[in-house]
S.K.: 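The structure that follows is given in the form of structure tokens.
One-based numbering, in listed order, for ligands and for the atoms of each.
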Amino acid sequence: MKILVPIKRVVDYNVKVRVKSDQSGVETANVKMSMNPFDEIAVEEAIRLQEAGTAEEIIVVSIGVSQCQETIRTALAMGADRGILVETDQQVQPLAVAKILKHLVEKESPQLVIAGKQAIDDDNNQTGQMLAALLGWSQGTFASRLQLADGRLKLTREVDGGLETVSLSMPSVVTTDLRLNEPRFVKLPNIMKAKKKPLEVIPMDSLGLDTASRVKILKVEDPPHRAAGIKVASVEELIDKLKNEAKVI
Ligand code: AMP
């Protein structure tokens, strides 16, 4: 079985994001960028399936600027076999990403796509679902456990108030939740080996797909600053403030 793992290059989760002065988005120039954390979990899960003898090949795909090659190399150093960069300077929205991934699925014929549940930059949580719909495949989102048996996928999902276990037909699109696994650290010799693994670059425009944006960002703003708190002298004063000022009780 082949597994396809889409990985997005996003602002590193440790970086405090800053809104651009023209409010058109967040600042990405001179900011540390990394693999989307949920995609690292997806790569790790694919590698574990390969180590268990269930998968033969892991292909990672990133759609974006030329620097996404670094993100792909990280995934190759973790253990993926080869990478594809669909290169564009354009901002690609989930529907466009899903169409590109569909195209690559048709070309590469994987049995399983493992994506992140969401990219932490735009928090869309749409791509996996759209891809499954476009392909007509089963989908299992927010996976916290994944088992393959008798040609089906047994998947545990984190839902409100508990865990739901579903059985999915293959081929399938799965999206990862935080507790699925803990991604491995990349070892130096593997970084060296990753440099020799194949990485194909395809210009996005050469695919002939309609990748136009369907959503226009009007503006991006910082959240309102939190007002300073106060110390109350007694429980009575607290209750009075909650009742009469905050009006929450
Ligand atoms: P989203 O729907 O944007 O929250 O993204 C969900 C998942 O889709 C991510 O965790 C990635 O696995 C995949 N994805 C989204 N955008 C890209 C991209 N530009 N390149 C590769 N994978 C992507």
S.K.: For ligand 1, which atoms, with element, lie under 4.0 Å from some heavy atom of V61?
M.R.: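 Listed by number with element, the hits are 21 (C).
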S.K.: Can we say R214 and D210 salt-bridge, meaning some charged N sits less than 4.0 Å from an Asp/Glu carboxylate O?
M.R.: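 Counted as a salt bridge, because a side-chain N and a carboxylate O are separated by less than 4.0 Å.
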S.K.: For atom NZ of K20, is the number of surrounding heavy atoms from other residues, nucleotides or ligands below 6.0 Å larger than 12?
M.R.: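 Yes, the 6.0 Å shell around NZ holds more than 12 heavy atoms from other groups.
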S.K.: Within the 4.0 Å heavy-atom shell around N124, which atoms of ligand 1 are there?
M.R.: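 Atoms satisfying the 4.0 Å criterion: 1 (P), 2 (O), 3 (O), 4 (O).
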S.K.: Taking heavy atoms and a distance under 4.0 Å, where does I63 meet ligand 1: side chain, backbone, both or neither?
M.R.: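 Under 4.0 Å from ligand 1, I63 contributes backbone and side-chain atoms.
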S.K.: Tell me which protein heavy atom sits closest to atom 12 (O) of ligand 1, plus the residue, atom name and distance to 0.1 Å.
M.R.: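 Residue, atom and distance for the closest contact: P6 O, 2.8 Å.
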S.K.: With heavy-atom distances below 4.0 Å as the criterion, list the atoms of ligand 1 near A119.
M.R.: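 The list of qualifying atoms is 1 (P), 3 (O), 4 (O), 5 (O), 6 (C).
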S.K.: Does atom CG (L207) have a neighbourhood of more than 12 heavy atoms from anything else shown, all under 6.0 Å?
M.R.: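 Yes, the 6.0 Å shell around CG holds more than 12 heavy atoms from other groups.
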S.K.: Output, in order, the C-alpha distance, side-chain angles, deciding distance and verdict of side-chain hydrogen bond (donor to acceptor under 3.5 Å, both in side chains) for R152 and S167.
M.R.: CA-CA 7 Å; R152 290 184 78 85; S167 169; 2.7 Å; yes
S.K.: Using a strict 4.0 Å cut-off to heavy atoms of A115, name the atoms of ligand 1 that fall inside it.
M.R.: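 What qualifies from ligand 1 is 12 (O).
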S.K.: Looking only at distance, does D123 have an N or O less than 3.5 Å from an N or O of ligand 1?
M.R.: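 Between D123 and ligand 1 (N or O atoms, distance only) the closest approach is not under 3.5 Å.
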S.K.: Evaluate P94 for polar contact with ligand 1, using N/O atom pairs at a separation under 3.5 Å.
M.R.: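 Between P94 and ligand 1, no N or O pair is found under 3.5 Å apart.
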S.K.: Report yes if some N/O of G116 lies less than 3.5 Å from some N/O of ligand 1; otherwise report no.
M.R.: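 The answer is yes, given that G116 and ligand 1 share an N or O pair closer than 3.5 Å.
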S.K.: Any atoms of ligand 1 less than 4.0 Å from a non-hydrogen atom of N125? List them with their elements.
M.R.: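 Atoms satisfying the 4.0 Å criterion: 1 (P), 2 (O), 4 (O).
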S.K.: How close does the nearest protein non-hydrogen atom get to atom 10 (O) of ligand 1, and which residue and atom is it?
M.R.: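 Heavy-atom neighbour on the protein nearest atom 10 (O) of ligand 1: D39 OD1, 2.5 Å.
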S.K.: For R145, does the CZ atom sit with more than 12 other heavy atoms under 6.0 Å from it, leaving out its own atoms?
M.R.: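 At most 12 heavy atoms, drawn from other residues, nucleotides or ligands, come within 6.0 Å of this atom.
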S.K.: Look at atom 16 (N) of ligand 1 and say which protein heavy atom is nearest, naming residue and atom and giving the distance to 0.1 Å.
M.R.: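 Going atom by atom, the protein heavy atom closest to atom 16 (N) of ligand 1 ends up being K8 CD, 3.4 Å.
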S.K.: Salt-bridged, K8 to D39, with N to O below 4.0 Å?
M.R.: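 Not counted as a salt bridge, because no side-chain N and carboxylate O are separated by less than 4.0 Å.
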S.K.: My understanding is that only one of L49, N181, T156 makes a side chain to side chain contact (heavy atoms under 4.5 Å, CB included) with L146; could you say which?
M.R.: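 Between L146 and the candidates, side chain to side chain contact (heavy atoms under 4.5 Å, CB included) is satisfied uniquely by L49.
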S.K.: If you measure every N or O of T127 against every N or O of ligand 1, does any of those distances drop under 3.5 Å?
M.R.: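 T127 vs ligand 1: N/O contact under 3.5 Å present.
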S.K.: Just jot down the ligand 1 atoms closer than 4.0 angstrom to any heavy atom of V97, in number order.
M.R.: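 Near V97, meaning under 4.0 Å from one of its heavy atoms, ligand 1 has 16 (N), 17 (C), 23 (C).
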S.K.: With a sphere of 6.0 Å drawn around NZ of K197, does it hold more than 12 non-hydrogen atoms of other residues, nucleotides or ligands?
M.R.: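 Yes, because the 6.0 Å sphere around NZ of K197 holds more than 12 heavy atoms from other groups.
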S.K.: Is the shortest side-chain N to carboxylate O distance from K99 to E106 below 4.0 Å?
M.R.: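 No.
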S.K.: Which ligand 1 atoms does I7 reach within 4.0 Å, using its non-hydrogen atoms?
M.R.: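 Once the distances to I7 are compared, the set is 20 (N), 21 (C), 22 (N).
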S.K.: Given the rule that I, L, V, M, F, W and Y join up when any side-chain heavy atoms are under 4.5 Å apart, are M35 and V5 in one cluster?
M.R.: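 In one cluster: yes.
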